[in-house]
Amino acid sequence: MAKKLLLIDPVLETSLNFNSCRLLNFLSVPRISLSYIAALTPPDWDTKIIIEHNEPANLEDADLVGITAVTSPAPRAYEISEQYRRKGIKTVMGGIHASMLPDEAIQFVDSVVIGEAEPVWRDLIHDFENNELKRFYQGERTSLENLVKPRRDLYNSYKYKVIDYVQTARGCPMDCEFCSVPTLHGRTYRQRPVEEVLDELETLHAMNVLFLDDNIFGYGEKAEERAIQLFRRMKERGLNKRWFSNVGIDFADNPDVLKYAREAGCFMILIGFETLNEETLQGMHKVRNLKVGVRNYKEVIKKIRDHGITVVGTFVFGNDEDSKDVFQRTIEFILDSKIDIAEGTISTPFPGTRLYNRLKQEGRLLLTNYPDDWRHYNLFEPVFRPKHMTPDELMEGVNQIYKHTTSGLTSLRRAFNSAIQTRNLFAGVIACLGNRAIGSLWLQNYEYVKNSLTSVIRDSGLSYPITEAESCEAESARGR
Ligand code: B12
Ligand code: SF4
């Protein structure tokens with residue numbers, strides 16, 4: 001009989017993560033990592049993918065269980081693993097959390113894949129079949145040529161198929177303090193051959209595509225040429241897709257890139273503006289934003305919108321340089337710059353980042369009862385002591401941003417402007433829905449987080465904001 005592999009994408013019911021997934025439920029596409037792993041699995045295995053926000057992982061029988069997780073659902077991943085292990089079923093975990101903390105993960109699973117699955121998954125299956133499963137597999141980064149085709153047939157039944165996901169590149173040469181991507185995928189920007197990406201796009205039924213890249217435009221001249229080639233060839237091959245991707249802030253520098261991206265169906269891009277404070281950008285080591293300069297942010301947004309592409313901007317709060325006026329300044333910027341969608345999140349020290357190490361060293365982490373407390377590391381909860389405000393004030397400040405920029409009327413006004421400026425009605429509708437969705441997600445969870453936070457703060461007995469002495473220590477640790 002065929003051996004059975006269950007691949008699980010876990011969801012924490014109690015966390016925001018759950019709501020965030022429910023919000024995206026209508027998109028109903030599993031993580032592509034699981035589809036890649038399914039494709040790497042020998043054909044004589046029977047493979048099934050379970051996304052927990054669609055169906056519970058109800059301990060159906062399997063020979064081997066593979067689990068993926070970012071940090072916040074890691075406690076749920078461990079819980080699922082232990083349930084299977086109690087039944088005598090072996091489990092394997094991979095993904096960013098397990099890759100950053102393999103020694104933690106191995107306490108809950110039988111085997112951990114550190115890094116990328118492609119170079120090691122077939123060996124792992126072979127070892128499993130021979131009863132020789134190892135505790136760790138190190139997935140070195142390989143070329144992205146001839147990647148297997150993700151097993152999309154395994155999620156044919158997923159609901160509406162309005163969107164599909166494709167990855168064209170991995171890795172990032174930058175070194176932002178808060179980010180673990182270069183540690184996971186390396187500091188070399190690796191690209192898939194353009195024609196292989198196009199062949200994959202051609203097989204998709206959905207008209208809308210999210211490119212999963214951290215920056216589809218890439219880094220440097222060669223990457224820029226490749227991006228233009230990709231966009232031109234999408235048009236030439238008549239793929240007729242509408243797409244959305246993350247890009248770096250210098251996407252706006254080259255009018256050819258904007259023109260070809262639009263012609264290839266780009267309707268929206270996401271840029272991490274992060275902050276309106278250049279000192280913070282320096283602290284984060286967000287080099288490319290610094291090079292463009294905060295004073296030019298509005299111009300960047302305008303240039304992109306002039307090409308018919310809407311802009312989603314992300315901003316992060318709770319940085320050491322943020323004083324309480326940061327929220328009002330950001331509200332003014334959002335409304336004044338006419339940015340189509342703005343997402344404000346709370347600075348989060350994910351494991352494996354320099355930010356995590358620094359805050360730990362400074363004794364500023366609030367929630368450290370790991371692995372259970374990882375559930376709070378979701379970008380929506382303050383998990384450390386900010387420097388110039390209390391965690392409550394931080395939550396309330398971000399709350400004000402959403403209140404002032406995503407109310408029904410404001411969202412409509414902003415969407416109207418988006419549609420006019422980009423000459424793109426679809427973009428206007430998406431901008432309106434996007435703002436409403438992000439705003440309601442935040443507001444819906446605000447009270448819940450605030451209550452749980454209050455008890456954490458009360459129980460910790462720590463002072464807020466941090467004391468003068470701690471502040472000096474932090475400055476010297478950062479070499480200022
Ligand atoms: C696209 C994306 C999303 C999409 C996901 C859409 C989807 N359904 O796939 C959306 C927008 C929904 C999203 C949401 C979130 N995201 Co996100 N996302 C990404 C992004 C840009 C790419 C992920 C991706 O698909 N990569 C492509 C695949 C092929 O790579 P991969 O997942 O790493 O998988 C490879 C290996 O890791 C390994 N592997 C992975 N899983 C497994 C499992 C097994 C068994 C094995 C053997 C191997 C293995 O093999 C794979 C192939 O080589 C990453 C950044 C990045 N580059 O990783 C951030 C990233 C993963 N996201 C992040 C965060 C924080 C979130 C949110 C919590 C944000 C929020 N508050 O809403 C949510 C969490 C949702 C959830 N429950 O997981 C952080 C995670 C940090 C952390 N330590 O937790 C990242 C790293 C961004 C960052 N710079 O910090 N995200
Ligand atoms: S935030 Fe973006 S640019 Fe910075 S290291 Fe991460 S992926 Fe690279």
Side-chain angles (χ1 to χ4, degrees), residues 5 7-12 15-21 23-24 27-37 40 51-53 64-74 76-77 91-101 109 111-121 124 137 139 141-142 144 147-148 150 163 165-167 169-185 187 189 210-215 219 245-249 270-272 274 284-289 314 343 345-346 348-353 356 374 377-381 438 441:
L5 170 68
L7 293 171
I8 302 177
D9 182 1
V11 169
L12 268 178
S15 80
L16 298 164
N17 195 338
F18 179 61
N19 292 314
S20 134
C21 286
L23 191 79
L24 294 168
L27 302 179
S28 285
V29 183
R31 306 215 134 244
I32 204 148
S33 54
L34 298 185
S35 321
Y36 271 119
I37 290 158
L40 292 164
I51 323 180
E52 266 213 296
H53 69 90
L64 181 64
V65 172
I67 310 173
T68 188
V70 298
T71 291
S72 51
R76 173 67 186 144
T91 62
V92 184
M93 185 163 164
I96 194 145
H97 187 77
S99 298
M100 295 303 123
L101 296 176
V109 301
S111 181
V112 177
V113 171
I114 306 164
E116 299 181 9
E118 286 81 356
V120 293
W121 185 250
L124 185 148
Y137 290 83
R141 293 140 202 151
T142 50
L144 299 186
L147 275 189
V148 288
I163 191 162
Y165 298 165
V166 173
Q167 189 180 42
R170 288 183 193 168
C172 175
M174 300 294 135
D175 181 28
C176 302
E177 191 193 29
F178 56 83
C179 183
S180 37
V181 167
T183 315
L184 179 72
H185 289 302
R187 293 192 65 179
Y189 184 66
L210 168 63
F211 285 116
L212 298 163
D213 304 11
D214 293 296
N215 181 0
Y219 309 86
S245 185
N246 296 327
V247 293
I249 196 162
L270 182 147
I271 295 179
E274 320 299 1
M284 290 173 167
H285 209 242
K286 190 88 193 186
V287 178
R288 299 178 111 202
N289 290 37
T314 57
E343 187 189 23
T345 56
I346 290 182
T348 302
F350 287 115
T353 62
Y356 179 88
W374 290 128
Y377 287 61
N378 54 31
L379 302 178
F380 290 96
E381 299 184 55
I438 294 176
L441 168 65

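Read the numbers this way: they start at 1 and go in the same order the structure lists the ligands and their atoms.
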Is there a heavy atom of P182 sitting under 4.0 angstrom from any atom of ligand 2?
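Yes, P182 has heavy atoms under 4.0 Å from ligand 2.
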Under a heavy-atom criterion of less than 4.0 Å, does K286 contact ligand 2?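 Heavy atoms of K286 do come under 4.0 Å of ligand 2.
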What I'd like to find out is whether the side chain of [X] reaches to under 4.5 Å of the side chain of [Y], using heavy atoms alone.
X    : Y    : answer
M284 : E274 : yes
V11  : R76  : no
T345 : T314 : no
L441 : F380 : yes
Q167 : D213 : yes
L379 : E343 : no

Any idea which atoms of ligand 1 are less than 4.0 Å away from a heavy-atom of [X]?
X    : value
I96  : 82 (C), 83 (N), 86 (C)
A117 : 38 (C), 48 (C), 50 (O), 52 (C), 53 (O)
Q167 : 26 (N), 27 (C), 29 (C)
L212 : 1 (C), 21 (C), 22 (C), 25 (O)
E118 : 52 (C), 53 (O)
L184 : 33 (O)
G95  : 37 (O), 39 (N), 40 (C), 41 (N), 42 (C), 49 (C)
C179 : 89 (N)

Of the choices [options], which has the non-hydrogen atom that lies closest to [atom]?
atom                    : options               : result
atom 34 (O) of ligand 1 : C172, A169, S33, P119 : S33
atom 44 (C) of ligand 1 : T68, V109, V11, I37   : I37
atom 55 (C) of ligand 1 : V65, D213, D214, T142 : D214

Closest heavy-atom contact between [X] and [Y]?
X    : Y    : result
D175 : R187 : CB-NH2, 3.5 Å
V181 : C172 : CG1-CB, 4.4 Å
T142 : E116 : N-OE1, 4.3 Å

How does [X] reach ligand 1, if at all, at less than 4.0 Å between non-hydrogen atoms: by side chain, backbone, both, or neither?
X    : answer
L379 : side chain
F178 : neither
W121 : side chain
V181 : side chain
H185 : side chain
T348 : neither

Which value, rounded to the nearest 0.5 Å, describes the distance between [X] atom [atom1] and [Y] atom [atom2]?
X    : Y    : atom1 : atom2 : answer
I271 : N246 : CD1   : CG    : 10.0 Å
S33  : I96  : OG    : CD1   : 11.0 Å
L64  : L124 : CG    : CG    : 7.0 Å

Looking at ligand 1, does [X] have a heavy atom less than 4.0 Å from it?
X    : value
R31  : yes
G115 : yes
R170 : yes

T71 N/O under 3.5 Å from ligand 1 N/O =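 N/O-N/O distance under 3.5 Å: yes.
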For ligand 1, find out whether one of its N or O atoms is nearer than 3.5 Å to an N or O atom of Y165.
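No.
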(message) Within ligand 2, which atoms have a heavy atom of F178 less than 4.0 Å away?
(response)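 Counting from 1, the qualifying ligand atoms are 1 (S).
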- [ ] May I ask you to identify the nearest protein heavy atom to atom 6 (Fe) of ligand 2, giving residue, atom name and distance to one decimal place in Å?
- [x]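 Of the protein heavy atoms, C179 SG, 2.3 Å lies nearest.
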Practice task
Tell me which protein heavy atom sits closest to atom 8 (Fe) of ligand 2, plus the residue, atom name and distance to 0.1 Å.
Solution key: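 Ranked first by proximity to atom 8 (Fe) of ligand 2 is C172 SG, 2.3 Å.
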Please confirm whether the backbone N or O of [Y] pairs with a side-chain atom of [X], one donor and one acceptor, at under 3.5 Å?
X    : Y    : result
S180 : T183 : no
D214 : P182 : no
T348 : I346 : yes

Indicate, as side chain, backbone, both or neither, the part of C176 found under 4.0 angstrom from ligand 2 when only non-hydrogen atoms are considered.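 C176 to ligand 2: contacts from backbone and side chain alike.
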Aromatic plane relationship, W374 with H97 - under 30° parallel, 30 to 60° tilted, over 60° perpendicular: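 Taking W374 first and then H97, their aromatic rings stand perpendicular (interplane angle over 60°).
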